[in-house]
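To start, the structure itself, in structure tokens.
Counting starts at 1 for both ligands and their atoms, following the listed order.
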Amino acid sequence: MSKPRQPAARPLAGTQPGLVVAGFGRHVLVETDTGERLICHPRGKKSQAVVGDRIRWLASEDEGTIEKIEERRNLFYRQDEMRTKSFAANLDQVLILIAAEPEFSESQLTRALIAAEAEGITPVIALNKSDLGEPFTRAWAKLAPYRTMGYRMLSLAIKPKVEASRPANTRATELHELVELLRGKKTLVLGPSGAGKSSLTNLLVPDARVLTAEISQALNSGKHTTTSTTLYWVDTGDGNTRATALIDSPGFQEFGLHHIAPMRLAGYMPDLRLHAQDCKFYNCTHLHEPGCGVIAEVNASDHPSSISANRYRLYTELFAELSQSRY
Ligand SMILES: Nc1nc2c(ncn2[C@@H]2O[C@H](COP(=O)(O)OP(=O)(O)O)[C@@H](O)[C@H]2O)c(=O)[nH]1
Ligand SMILES: [Mg+2]
Ligand SMILES: [Zn+2]
């Protein structure tokens with residue numbers, strides 16, 4: 001399987017520009033430059049537009065057809081043996097939202113980080129539910145290796161249950177940092193169920209519920225399926241109402257990396273990448289070779305290893321998984 005293909009060029013007379021703001025199956029909701037929204041259908045089988053795509057569309061009765069997908073800056077997607085699932089295109093960053101509870105999976109976190117690195121999209125890790133005391137402290141400590149390897153990390157209390165137990169302005173300071181990080185960018189929010197994704201959208205996009213209801217109503221004409229990914233404009237308070245976007249997407253589970261060659265994995269893991277420079281063989285797999293810089297660091301006895309045992313184990317498991325699926 002290869003990366004989703006861009007469609008062939010078509011005559012563009014009479015078409016108008018638009019931005020894909022929601023996707024449901026093969027159909028999408030397109031926002032025009034003047035802010036109107038309409039449902040558009042793909043023309044032909046190959047052209048699959050995703051949220052974040054800039055397109056040219058042609059009116060047909062009350063809906064439209066997608067005539068062209070403009071070239072993408074990037075496409076964030078996952079892939080397993082069966083299929084490719086595109087999340088969104090033309091992203092500035094991916095916000096990986098996890099929480100003190102339910103406990104997050106380091107494997108899922110690592111997979112999402114690798115997918116972002118592979119597309120050159122900046123990942124940010126946010127740990128929600130900082131009001132939860134002990135579980136939060138534990139989760140924050142579990143993330144220490146990710147801070148060390150250079151990822152931007154935020155703590156958040158999006159919808160705290162026990163606000164009284166914390167200094168009054170902590171939550172405001174945390175949220176301010178988040179809003180500053182989002183300002184002027186298109187950010188895909190990814191995270192497991194229960195992490196607080198809906199709470200975040202509702203906090204930053206007060207009319208999100210109305211928008212979501214409108215979208216499902218527009219689709220409930222019987223011919224469309226449920227919304228999978230949605231782009232929301234965030235008002236960051238500077239009057240520029242269509243500059244900052246949050247993209248909400250399901251599908252953090254079973255994050256397949258089938259599209260990544262095993263030999264490239266270490267290059268997408270900053271902690272391993274740093275030591276892979278010291279390997280004796282240029283085609284080192286970092287699994288068993290003599291003179292391997294990664295293995296030397298994992299086994300370091302004269303200093304605390306900068307590659308955690310968990311990360312190295314995830315690397316070997318992923319390497320095996322990605323090797324198995326190609327012969
Ligand atoms: N204690 C605490 N609970 C939160 C916080 N943010 C969200 N929650 C709760 O976590 C649960 C899951 O939130 P939701 O936004 O539905 O998560 P989603 O599945 O990622 O969309 C809800 O019960 C929220 O009220 C927080 O900062 N602290
Ligand atoms: Mg939700
Ligand atoms: Zn090596």
Side-chain angles (χ1 to χ4, degrees), residues 94-105 108-109 112 125-140 154-167 170-175 177-178 187-206 208-209 211-213 215-216 226-230 232 246-253 262-269 271-300 305-307 311-312 315-316 319:
V94 175
L95 179 72
I96 303 172
L97 184 66
I98 48 187
E101 280 176 357
E103 194 184 345
F104 65 89
S105 147
Q108 277 179 355
L109 170 62
I125 303 169
L127 184 65
N128 188 27
K129 312 196 186 180
S130 62
D131 56 306
L132 290 186
E134 213 270 311
F136 181 84
T137 310
R138 211 178 324 123
W140 190 253
L154 301 174
S155 70
L156 294 172
I158 296 168
K159 199 176 167 189
K161 291 223 164 70
V162 279
E163 181 62 26
S165 68
R166 310 163 71 236
T170 305
R171 178 169 182 257
T173 310
E174 289 171 339
L175 287 175
E177 190 182 351
L178 175 67
T187 305
L188 173 70
V189 182
L190 271 188
S193 173
K197 299 182 297 299
S198 300
S199 305
L200 178 67
T201 308
N202 291 326
L203 180 70
L204 297 181
V205 187
R209 282 202 180 88
L211 282 171
T212 311
I215 293 173
S216 16
T226 9
T227 311
S228 48
T229 303
T230 309
Y232 299 97
L246 269 191
I247 300 172
D248 190 9
S249 179
F252 195 58
Q253 286 77 17
M263 289 304 288
R264 306 207 62 167
L265 263 185
Y268 298 141
M269 300 175 75
D271 44 352
L272 272 75
R273 182 168 61 213
L274 184 66
H275 297 281
Q277 298 165 358
D278 304 332
C279 297
K280 186 171 165 194
F281 303 110
Y282 80 95
N283 59 350
C284 188
T285 64
H286 323 302
L287 296 175
H288 45 65
E289 290 86 345
C292 171
V294 172
I295 295 172
E297 179 63 18
V298 170
N299 296 331
S305 175
S306 62
I307 302 172
R311 282 279 289 186
Y312 185 66
Y315 169 76
T316 59
F319 194 98

Okay, side chain of [X], backbone of [Y]: is any donor-acceptor separation there less than 3.5 Å?
X: Ser155; Y: Leu127; result: no
X: Glu289; Y: Thr285; result: yes
X: Arg171; Y: Ile158; result: yes
X: Asp248; Y: Thr230; result: no
X: Lys129; Y: Ala100; result: no
X: Asp271; Y: Ile307; result: no

Under-4.0 Å heavy-atom contact with ligand 1, by part of [X] that carries it:
X: Leu132; answer: side chain
X: Pro192; answer: backbone
X: Leu97; answer: neither

ask   = Which value, rounded to the nearest 0.5 Å, describes the distance between Leu95 atom CG and Lys197 atom NZ?
value =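 The CG atom of Leu95 sits 11.0 Å away from the NZ atom of Lys197.
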
ask   = Yes or no on side-chain contact (heavy atoms from CB on, under 4.5 Å) for Glu174 and Leu154, after CA distance, side-chain angles and deciding distance?
value = CA-CA 7 Å; Glu174 289 171 339; Leu154 301 174; over 6 Å; no

task = Look at the rings of Phe136 and Trp140 and say which category their plane angle falls in: under 30° parallel, 30 to 60° tilted, over 60° perpendicular.
result = parallel

Can you list the ligand 1 atoms lying under 4.0 Å from a non-hydrogen atom of [X]?
X: Lys197; answer: 15 (O), 17 (O), 18 (P), 19 (O), 20 (O), 21 (O)
X: Ser198; answer: 15 (O), 18 (P), 21 (O)
X: Ala157; answer: 27 (O)

For ligand 1, which is the ligand I care about here, please tell me if [X] has any N or O atom under 3.5 Å from one of the ligand's N or O atoms.
X: Leu200; answer: no
X: Ser130; answer: no
X: Gly194; answer: yes

query = Is there an N/O/S atom in Ser198 at a distance below 2.8 Å from the Mg ion (ligand 2)?
reply =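 Checking the Mg ion (ligand 2) against Ser198, an N, O or S atom does fall under 2.8 Å.
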
inquiry  = Before moving on, can you tell me the angle at the Zn ion (ligand 3) between the SG atom of Cys279 and the SG atom of Cys284, to the nearest 10 degrees?
reply    = 120°

request  = Write the atom name of the N, O or S atom in His286 that is nearest the Zn ion (ligand 3).
outcome  =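 Nearest N/O/S atom of His286: ND1.
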
key: Closest to atom 11 (C) of ligand 1 (judged by heavy-atom distance), picking from Lys129, Glu174, Arg171   =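 Considering heavy atoms of Lys129, Glu174, Arg171, the nearest to atom 11 (C) of ligand 1 sits in Lys129.
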
key: Heavy-atom gap Gly191 to ligand 1 smaller than 4.0 Å   =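 No.
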
